[in-house]
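Input: a single structure, listed below in structure tokens.
Counting begins at 1 with the first residue of the sequence.
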Amino acid sequence: MIRCLFLLLSVLFLSTACHEKIAAPPTSRTLLMYFPWSGDSSPLTHFFEQNIEDMESVVAQGVLRNERVVVFFMPNRMQAELFELRAENGACRRVQLKSYTDLPDFTTADGLASILGDVRRAAPALRYAMTVSCHGMAWLPASQVRAGYHVGREKEHWEYENPDGPVTRWFGGSVYQTEIEDFAAGIAQAGMKMDYILFDDCYMATVEVAYALRHAAERLIASPTEVMGAGFPYASIGRYMVGQVDYAAVCREFYEFYMTYPYPYGTISVTECAEMEALADVMRRINERFTFDPTSANLAALQRMDGYSPVRFFDLGDYVRAFCDDPALLAEFEAQLERTVPSACRYHTPYFYSMSNGANLVRTYSGITTSDPSISPALVDAKPSTEWWQATH
């Protein structure tokens with residue numbers, strides 16, 4: 001199975017709860033593990049349950065120091081639970097914080113912000129971090145994806161599900177989808193800028209997503225390709241996600257897990273959000289001087305990072321090297337790319353997997369993708385509306 005976080009993480013709304021006075025935080029950081037409903041036909045729920053159990057095994061080891069781990073989990077479309085993972089006598093206990101029977105619309109900014117407000121009131125902290133587990137499709141607008149189901153467009157990767165083969169993830173599925181812009185705005189409205197957001201979903205390590213979330217988090221941990229249904233291996237990475245977060249160790253453990261997994265496919269990277277403006281600046285200057293020719297041969301030569309035809313996501317570094325003919329400007333781009341997506345946190349297995357077309361060779365890897373050269377009908381009209389495009393063209 002493969003996971004993918006829908007490129008549709010938008011703006012969480014500001015609920016009135018965000019304006020309520022909240023007691024002085026007794027903890028240094030609260031980590032929210034967010035598991036929204038992924039659809040009635042989704043096979044991911046049992047993987048989510050395993051992810052939670054794996055994190056419980058880490059908490060039971062007593063790794064938390066003045067920190068809290070809170071889980072938002074939807075076992076079905078009508079119910080949700082908010083509970084804390086607490087270490088007690090060498091075990092982990094789930095402490096119920098809230099049971100939702102009248103759920104806010106978690107696909108909207110207001111609904112997401114209200115959930116964050118519940119977390120903030122139940123587990124106030126000086127700082128916050130977040131994992132998001134579901135399906136994903138990078139930056140693509142939810143409205144456009146939904147429309148695709150009615151006009152006979154190409155299948156999305158989750159529609160290729162094979163009961164006898166691996167499955168991958170994405171954020172929201174065909175019904176429940178959150179716009180990336182709404183996700184970003186909601187975090188801002190809730191006043192809970194994250195130390196990091198870990199996207200346990202497909203296709204979320206893209207420049208379009210990172211630029212849209214540059215004010216929502218300090219760092220993003222994500223995959224530029226589809227993520228296998230098992231998701232991130234919390235049993236091994238959990239200890240590095242708390243305390244003094246070790247981003248390189250998180251990525252290394254992810255890589256080592258998938259190198260020995262029955263389906264050995266995994267890509268991961270960390271994006272420094274504070275560097276996104278500088279990356280956009282050099283990209284804009286490259287675009288002012290050079291133009292990529294999207295002929296079939298040129299597109300075929302680029303490192304693809306998905307299984308679609310036409311390709312939607314290309315390796316950013318490979319794309320820029322293909323058409324920037326100024327050595328000095330290219331060197332400036334490479335240096336800025338290193339600052340934005342540090343090579344110490346870039347890991348990939350020899351192949352990545354897509355439910356659309358199977359295994360694909362990774363020839364070159366910068367840890368982040370772009371849709372700039374894509375000629376996919378699903379993207380062409382939407383690309384100019386992204387903040388990244390507007391900042392770089």
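A side-chain donor-acceptor contact under 3.5 Å links Glu67 to the backbone of Gly243. In terms of modelled atom types and a separation under 3.5 Å, the side chain of Gln336 and the main chain of Val282 share no donor-acceptor contact. Proximity of a side-chain donor or acceptor of Arg304 to a complementary backbone N or O of Ala301 within less than 3.5 Å is not detected. A donor-acceptor pair is defined here as one N or O able to donate and one able to accept, closer than 3.5 Å; such a pair exists between the side chain of Asn51 and the backbone of Ala230. When atom types are taken as modelled, the side chain of Asp315 and the backbone of Ser366 share a donor-acceptor pair closer than 3.5 angstrom. In this structure, Thr349 contributes its side chain and Gly266 its backbone to a donor-acceptor pair below 3.5 Å. Checking side-chain atoms of Gln61 against main-chain N and O of Ser57 turns up a donor-acceptor pair under 3.5 Å.
For Glu81 and Gln96, the side-chain atoms include no donor-acceptor pair closer than 3.5 Å. A donor-acceptor pair shorter than 3.5 Å can be found between the side chains of Thr267 and Ser223. For Asp306 and Ser354, the side-chain atoms include no donor-acceptor pair closer than 3.5 Å.
Among residues at least two apart or in separate chains, ring pair (Phe, Tyr, Trp, His ring centres under 6.0 Å) pairs with a member in residues 51-78 are Tyr34-Phe72, Phe72-Tyr100.
The side-chain tip of Arg214 points at the ring of Tyr211 from less than 6.0 angstrom away and within 45° of straight on.
In this structure, Phe323 and Ile286 have side chains that are in contact, with non-hydrogen atoms separated by less than 4.5 Å. You'll find the side chain of Leu379 stays beyond 4.5 Å of the side chain of Tyr308, heavy atoms only. Side-chain contact between Met283 and Val207 is absent, with no heavy atoms from C-beta onward closer than 4.5 Å. The closest side-chain heavy-atom distance from Thr340 to Met276 is below 4.5 Å. Counting heavy atoms from C-beta on, the side chains of Leu116 and Leu32 come closer than 4.5 Å. Residues Thr131 and Tyr234 form a side-chain contact, since some pair of their non-hydrogen atoms from C-beta on lies under 4.5 Å apart. Counting heavy atoms from C-beta on, the side chains of Met259 and Pro350 come closer than 4.5 Å. No side-chain heavy atom of Val119 sits under 4.5 Å from any side-chain heavy atom of Met130.
Here Phe313 and Tyr203 bring their ring centres to under 6.0 angstrom of each other. Two rings, from Phe35 and Phe48, have their centers less than 6.0 Å apart.
A salt bridge is absent between Glu88 and Arg86; no separation between the charged side-chain nitrogens and carboxylate oxygens falls under 4.0 Å. In summary, Glu272 and Arg219 engage in a salt bridge, as defined by a charged side-chain N under 4.0 Å from a carboxylate O. Under 4.0 Å is where a charged nitrogen must lie from a carboxylate oxygen, and between Arg346 and Glu338 at least one such pair does. Arg321 has a carboxylate O that lies under 4.0 Å from a charged side-chain N of Glu334, or vice versa, which qualifies the two as a salt bridge.
Heavy atoms only, all atoms of each residue included: Leu85 and Arg94 are closest at CD2-CG, 4.1 Å. For Gly307 against Asn357, the heavy-atom pair with the smallest separation is CA-OD1, 3.2 Å. The two residues Tyr347 and Ala248 make their nearest non-hydrogen contact at CE1-O, 4.2 Å. Smallest separation of non-hydrogen atoms from Thr271 and Ala210: CG2-CB, 3.9 Å. Residue Thr369 comes nearest to Pro224 through the heavy atom pair CG2-CB, 3.6 Å, listed as atom of the first residue, atom of the second, then distance. Contact detail for Gln303 and Phe352: the closest heavy-atom pair is NE2-CE2, 4.3 Å.
With hydrophobic clusters built from ILVMFWY side chains whose heavy atoms lie under 4.5 angstrom apart, Trp388 does not share a cluster with Met204. There is a path of hydrophobic side-chain contacts, each under 4.5 Å, that joins Val70 to Val132. Cluster membership check: Val69 shares its hydrophobic cluster with Leu198, using side-chain heavy-atom separations under 4.5 Å among Ile, Leu, Val, Met, Phe, Trp and Tyr. With hydrophobic clusters built from ILVMFWY side chains whose heavy atoms lie under 4.5 angstrom apart, Ile368 does not share a cluster with Val270. Met33 is connected to Leu64 through a chain of hydrophobic side-chain contacts under 4.5 Å among Ile, Leu, Val, Met, Phe, Trp and Tyr, so both are in one cluster.
Rounded to the nearest 0.5 angstrom, Ile221 CD1 and Tyr247 OH are separated by 6.0 Å. In this structure, CG in Asn287 is found 9.5 Å from SG in Cys324, a value given to the nearest 0.5 Å. Between the OG1 atom of Thr45 and the CE atom of Met74 there is a distance of 10.0 Å, given to the nearest 0.5 Å. For the atom pair Met194 CE and Thr30 OG1, the distance stands at 10.0 Å (nearest 0.5 Å). The distance from the CZ atom of Arg284 to the CD atom of Gln390 is 14.0 Å, given to the nearest 0.5 Å. Separation of atoms NZ (Lys383) and CD1 (Ile375) is listed at 9.0 Å; rounding is to 0.5 Å.
Taking Gln50 as the reference, Asp54 meet the side-chain hydrogen bond (donor to acceptor under 3.5 Å, both in side chains) condition, with sequence neighbours excluded. Take Phe254 and apply the ring-ring contact (aromatic ring centres under 6.0 Å, His included) test, not counting sequence neighbours, and it matches Phe232, Tyr258. Residues meeting the side chain to side chain contact (heavy atoms under 4.5 Å, CB included) test with Ala322, sequence neighbours left out: Phe292, Leu302. Partners of Tyr351 according to the ring-ring contact (aromatic ring centres under 6.0 Å, His included) rule, which considers only residues two or more places apart in sequence or in another chain, do not exist here. Applying the ring-ring contact (aromatic ring centres under 6.0 Å, His included) rule to His393 yields the partners Trp389; only residues at least two apart in sequence or on another chain are considered.
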| query | Can you list the steps and then say if Leu316 with Leu337 is a side chain to side chain contact (heavy atoms under 4.5 Å, CB included)? | reply | CA-CA 9 Å; Leu316 176 63; Leu337 179 63; 4.2 Å; yes

| request: Would you sort out whether Val250 and Tyr196 count as a side chain to side chain contact (heavy atoms under 4.5 Å, CB included), showing the intermediate values? | output: CA-CA 12 Å; Val250 168; Tyr196 65 83; over 6 Å; no

| Full working for side chain to side chain contact (heavy atoms under 4.5 Å, CB included) between Glu226 and Tyr265 | CA-CA 9 Å; Glu226 292 174 45; Tyr265 311 109; over 6 Å; no

| field | Residue pair Arg29, Val245: steps toward the side chain to side chain contact (heavy atoms under 4.5 Å, CB included) verdict | value | CA-CA 11 Å; Arg29 183 195 293 121; Val245 181; 3.8 Å; yes

